[in-house]
Amino acid sequence: MKTYTPQPLDTSDVRLPEALEGLVEQMAKNVHEVWAQGRIQQGWTYGEERNDALKQHPCLVPYEQLPDSEKEYDRSTAVSTLKLILKLGFTINQ
């Protein structure tokens with residue numbers, strides 16, 4: 001079996017403009033909504049603790065009710081996506 005070595009583009013030199021801060025939060029919320037919708041379609045429900053056998057997950061709640069650590073995970077996904085868009089030479093206009 002071949003070893004897979006991920007090679008994401010380096011976006012460490014990209015700085016997001018302050019104007020995109022609101023967009024980051026909207027994207028983070030949407031990332032969560034898409035994830036939650038997929039889980040629910042797969043038969044998952046809310047549970048106080050994650051239980052793969054019962055398909056229960058504590059993060060199947062509205063974004064606003066997530067712990068900060070989970071929100072930060074979604075924000076990180078949004079920031080990474082926005083940085084990649086800018087790194088590739090695209091612009092984001094409001």
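Computed from a predicted model, the values in this text were never measured in an experiment. The chain is numbered in sequence order, starting from 1.
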Audit row: Y46, C59, side-chain contact (heavy atoms from CB on, under 4.5 Å) steps and yes/no: CA-CA 7 Å; Y46 172 81; C59 291; over 6 Å; no
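- Listed for the R50 side chain is no donor-acceptor partner under 3.5 Å among the backbone atoms of G47.
- A heavy-atom distance below 4.5 Å is not found between the side chains of L84 and P8.
- Across all their heavy atoms, H32 and V61 have their closest contact at NE2-O, 2.7 Å.
- In this structure, the separation between CD on E33 and CD1 on I40 is 8.5 Å, given to the nearest 0.5 Å.
- The cluster map of Ile, Leu, Val, Met, Phe, Trp and Tyr, joined by side-chain heavy atoms under 4.5 Å apart, puts Y73 and M27 in different clusters.
- Using a 4.5 Å cut-off on side-chain heavy atoms (C-beta onward), T77 and S80 make no contact.
- In terms of heavy atoms, A28 sits closest to A78 at N-CB, 4.0 Å.
- A heavy-atom distance below 4.5 Å is found between the side chains of R75 and E25.
- At a threshold of 4.5 Å between non-hydrogen side-chain atoms, the residues L16 and L23 do not count as touching.
- Taking hydrophobic clusters as Ile, Leu, Val, Met, Phe, Trp and Tyr residues chained together by side-chain heavy-atom distances below 4.5 Å, V14 shares a cluster with L9.
- Contact detail for N51 and W44: the closest heavy-atom pair is O-CZ3, 4.1 Å.
- Salt-bridge check for D13 with K87: passed, with a basic side-chain N closer than 4.0 Å to an acidic carboxylate O.
- Here the side chains of W35 and N30 are not in contact, with every heavy-atom distance at 4.5 Å or above.
- Note on I85: it clusters hydrophobically with V79, by side-chain heavy-atom contacts below 4.5 Å among ILVMFWY residues.
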Residues R39, H57; criterion side-chain contact (heavy atoms from CB on, under 4.5 Å); working and verdict: CA-CA 9 Å; R39 285 292 171 127; H57 203 292; 4.1 Å; yes
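- Side-chain contact between D68 and K71: present, with at least one pair of heavy atoms (C-beta onward) separated by less than 4.5 Å.
- Residues K29 and E64 form a side-chain contact, since some pair of their non-hydrogen atoms from C-beta on lies under 4.5 Å apart.
- Here the OG1-CG distance, from T11 to L82, works out to 10.5 Å after rounding to the nearest 0.5 Å.
- When atom types are taken as modelled, the side chain of K55 and the backbone of T45 share no donor-acceptor pair closer than 3.5 angstrom.
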